[in-house]
Asker: 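To start, I am sharing the structure in question, which I have written as structure tokens.
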Amino acid sequence: MHIPDGILNITTIATTYAVSAGGVGYGLREARKKLAERHVPLMGIMAAFIFAAQMLNFPIIGGTSGHLIGAALAAILLGPWAAVLIMACVLIAQSLIFQDGGLLALGANVFNMGIIASFAGYYLYRFTTRLMGMSRRGKLFGAFIAAWGSVFLAAIACAIELWVSGVLPIQVALPAMAGWHALIGIGEGLITVAVLSLVIATRKDLLELQKI
Amino acid sequence: MRLKWWHIGLLICLAVALLAPLASISPDGLERVAKDKGFIESALEAPYQLIADYLFPGIENEALATILAGIIGTLILFGVVYSMAWLLKRGRRESP
């Protein structure tokens, strides 16, 4: 879902850059308050995993592929602001080094896949586990819902940006983006559940870290 | 040095990067919409290229170029975010 340059208009570019810069700035402040020694390796591993897994596009129907965003997984394990920081680093590296996602569109990409996806994932997980309970099943179900919702809402944010940039009418952008990403979100859900069950099986304590 | 959990975690990440040549080459969700709705042509090329399209430049073998790009990116992200977290962590006060 990396938006290239040349698509968004200047107003959208400026607005999303401002919001994302504010979000990352606030995230850094939160991290400075709450981040402890034991968060440090997981932060690094999460960023490395998200980068590697994002390269691995999986096929969905109709000659389309999707890839993990990873913000929901990061937000479940580390909290939403930590996830925003991790996603921002991944997206900045992808844009600067790998020419994936435009330099001007970076603000929008951080907003969609960093801020929206992280917070959607975090609160959907909290909400679902509150309903289902904190059993293993509840957590994995919550992770699936969180991951699916994070992709779906990020896609809707992207559709709105296409609309306000005058690329597509909203009645075209919304169903197209939401439709494909409702399917891609299933892949996100399955990968997130797989990783979370690996964490539960091997290092359950990592789930108990204070959320940032 | 004792083996820590995250050493294994990093190896798992690098193993995932090794799988990158198996990735589907179909357009992703946004690219698909851009193609179907006819705005893919407005996308601009990047003003410069380093490891564009996740292919390490100058390597004929595409799978190898992809794996190399993946490993470099995975290690960079680990290093950058680990360092960032270490600098931000509580209880570490910079001396003037």
Side-chain angles (χ1 to χ4, degrees), chain A residues 1-7 28 31-37 39-53 55-59 62-67 85-86 89-90 93-94 96-100 102-103 155 158 162 167-168 172-173 176-177 180-181 183-184 202-203 206, chain B residues 4-10 12-20 22-34 36-37 39-54 66 69-86 88-91:
Chain A
M1 209 191 298
H2 295 60
I3 305 172
D5 280 336
I7 306 284
L28 288 169
R32 195 166 286 134
K33 271 188 257 169
K34 296 179 190 161
L35 206 141
E37 182 109 45
H39 289 106
V40 173
L42 186 57
M43 292 278 293
I45 291 293
M46 215 59 248
F49 177 76
I50 289 171
F51 174 84
M55 285 181 73
L56 205 52
N57 282 58
F58 48 83
T64 303
S65 74
H67 63 70
L85 296 181
I86 290 168
C89 288
V90 171
Q94 286 172 331
L96 292 181
I97 305 173
F98 299 92
Q99 283 70 57
D100 189 13
L103 297 166
C158 184
L162 294 175
V167 177
L168 291 176
V172 176
M177 284 302 289
W180 284 114
H181 290 89
L183 295 173
I184 293 170
T202 55
R203 284 297 303 254
L206 292 178
Chain B
K4 300 219 170 74
W5 75 267
W6 57 268
H7 296 143
I8 296 160
L10 190 56
I12 294 174
C13 296
L14 292 169
V16 174
L18 290 181
L19 298 177
L22 302 175
S24 162
I25 53 160
S26 299
D28 76 2
L30 175 62
E31 281 173 312
R32 177 57 186 260
V33 172
D36 288 352
K37 309 298 176 195
F39 63 89
I40 193 127
E41 285 80 20
S42 357
L44 298 173
E45 282 287 312
Y48 65 91
Q49 303 210 318
L50 283 181
I51 313 182
D53 298 322
Y54 302 97
T66 306
I71 287 176
I72 290 170
T74 304
L75 292 175
I76 288 175
L77 261 312
F78 178 78
V80 166
V81 176
Y82 186 102
S83 311
M84 179 185 78
W86 190 84
L88 288 168
K89 80 174 191 278
R90 225 173 21 207

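Values below: every heavy atom of this structure, side chains too, minus hydrogens, waters and symmetry copies. Letters A, B, ... mirror the listed sequences (proteins, then strands); counts begin at 1.
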Asker: With a 4.5 angstrom heavy-atom cut-off, which part of T66(B) approaches chain A: side chain, backbone, both or neither?
Answerer: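 For T66(B), the contact with chain A is made by backbone and side chain together.
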Asker: Counting only non-hydrogen atoms closer than 4.5 Å, does I3(A) touch chain B with its backbone (N, CA, C, O), its side chain (CB onward), both, or neither?
Answerer: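 For I3(A), heavy atoms of backbone and side chain both lie under 4.5 Å from chain B.
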Asker: Nearest 0.5 angstrom please: E31(B) CD to H2(A) NE2, how far?
Answerer: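 NE2 of H2(A) is found 10.5 Å from CD of E31(B).
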Asker: Is there a side chain to side chain contact (heavy atoms under 4.5 Å, CB included) between L42(A) and W5(B) once you walk through the steps?
Answerer: CA-CA 10 Å; L42(A) 186 57; W5(B) 75 267; 3.6 Å; yes
Asker: Quick one: CZ on R203(A) to CG on L206(A), what's the gap to the nearest 0.5 Å?
Answerer: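 If I round to the nearest 0.5 Å, the distance is 5.0 Å.
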Asker: Do you know which of G70(B), P27(B), G9(B) has the most heavy-atom pairs under 4.5 Å to chain A?
Answerer: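 That would be P27(B).
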Asker: Less than 4.5 Å to any heavy atom of chain B: does that hold for the side chain of A93(A), its backbone, both, or neither?
Answerer: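 Contact with chain B involves the side chain of A93(A) alone.
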Asker: Looking at chain B, which one of L96(A), T202(A), L162(A) has the largest number of heavy-atom pairs inside 4.5 Å, strictly under?
Answerer: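 The option with the most such pairs is L96(A).
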Asker: With a 4.5 angstrom heavy-atom cut-off, which part of F98(A) approaches chain B: side chain, backbone, both or neither?
Answerer: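 For F98(A), backbone and side chain are both near chain B.
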Asker: Short question: side chain of Q49(B), backbone of Q99(A) - any donor-acceptor pair under 3.5 Å?
Answerer: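 No, Q49(B) side chain to Q99(A) backbone: no donor-acceptor pair under 3.5 Å.
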Asker: To the nearest 0.5 Å, tell me how far L18(B) CG sits from C13(B) SG.
Answerer: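 Nearest 0.5 Å value for the CG-SG distance: 11.5 Å.
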Asker: Parallel under 30°, tilted from 30 to 60°, perpendicular over 60°: which one fits the rings of W6(B) and F78(B)?
Answerer: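 It falls in the parallel class, under 30°.
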Asker: Test your reading of the model: is there a side-chain donor-acceptor pair from D5(A) to the backbone of L44(B), 3.5 Å cut-off?
Answerer: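 Not a single qualifying donor-acceptor pair exists.
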Asker: Given that the side chain runs from C-beta out, which part of V90(A) has a heavy atom under 4.5 Å from chain B: side chain, backbone, both or neither?
Answerer: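 For V90(A), the contact with chain B is made by backbone and side chain together.
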Asker: With a 4.5 angstrom heavy-atom cut-off, which part of I76(B) approaches chain A: side chain, backbone, both or neither?
Answerer: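 Answer is side chain: those atoms of I76(B) sit under 4.5 Å from chain A.
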Asker: I'd like to know if D36(B) and R32(B) make a salt bridge, using a cut-off of under 4.0 Å between side-chain N and carboxylate O.
Answerer: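 Yes, this pair counts.
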Asker: Are any non-hydrogen side-chain atoms of N57(A) and D28(B) less than 4.5 angstrom apart?
Answerer: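 A side-chain contact exists here, since the closest heavy-atom pair is under 4.5 Å.
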Asker: Please look at C89(A) and chain B and tell me whether the side chain, the backbone, both or neither of the residue comes under 4.5 angstrom of a heavy atom of that chain.
Answerer: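 C89(A) touches chain B through backbone and side-chain heavy atoms alike.
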Asker: As an exercise, state the distance from CD1 of I51(B) to CG of D100(A), rounded to the nearest 0.5 Å.
Answerer: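 Separation between the atoms: 12.5 Å.
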Asker: Counting heavy-atom pairs under 4.5 Å with chain B, which one of A176(A), A48(A), G6(A) comes out on top?
Answerer: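 Most pairs with chain B among the choices: A48(A).
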Asker: Under 4.5 Å from any heavy atom of chain B, what part of H39(A) do you find: side chain, backbone, both or neither?
Answerer: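 Answer is neither: H39(A) stays 4.5 Å or more from chain B.
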Asker: Using heavy-atom distances under 4.5 Å, tell me whether L56(A) contacts chain B through its side chain, its backbone, both, or neither.
Answerer: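 Both parts, heavy atoms under 4.5 Å.
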Asker: Looking at L168(A), I184(A), V172(A), V167(A), which makes the most heavy-atom pairs under 4.5 Å with chain B?
Answerer: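 Ranked by heavy-atom pairs under 4.5 Å with chain B, first place is L168(A).
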Asker: Sub-3.5 Å donor-acceptor pair from the side chain of S65(A) to the main-chain atoms of S26(B), do we have one?
Answerer: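 At least one qualifying donor-acceptor pair exists.
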Asker: When you compare the side chain of I86(A) with that of L77(B), does any pair of heavy atoms fall below 4.5 Å?
Answerer: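 Sidechains of I86(A) and L77(B): no contact.
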Asker: Less than 4.5 Å to any heavy atom of chain B: does that hold for the side chain of I97(A), its backbone, both, or neither?
Answerer: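 For I97(A), backbone and side chain are both near chain B.
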Asker: Considering only heavy atoms, which portion of L183(A) lies under 4.5 Å from any heavy atom of chain B: side chain, backbone, both, or neither?
Answerer: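 Looking at L183(A), nothing touches chain B.
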Asker: Most heavy-atom pairs under 4.5 angstrom with chain B, which of F58(A), F49(A), W180(A)?
Answerer: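 Going by pairs under 4.5 Å, I would pick W180(A).
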Asker: Among E37(A), Q94(A), H67(A), which has the most heavy-atom pairs under 4.5 Å with chain B?
Answerer: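 Among the listed options, the one with the most contacts to chain B is E37(A).
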Asker: Can you tell which of A46(B), A15(B), A43(B), A17(B) has the highest number of heavy-atom pairs within less than 4.5 Å of chain A?
Answerer: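 Answer, by heavy-atom pair count under 4.5 Å with chain A: A43(B).
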Asker: Tell me, side chain or backbone of I45(A) under 4.5 Å from chain B's heavy atoms, or both, or neither?
Answerer: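 For I45(A), heavy atoms of backbone and side chain both lie under 4.5 Å from chain B.
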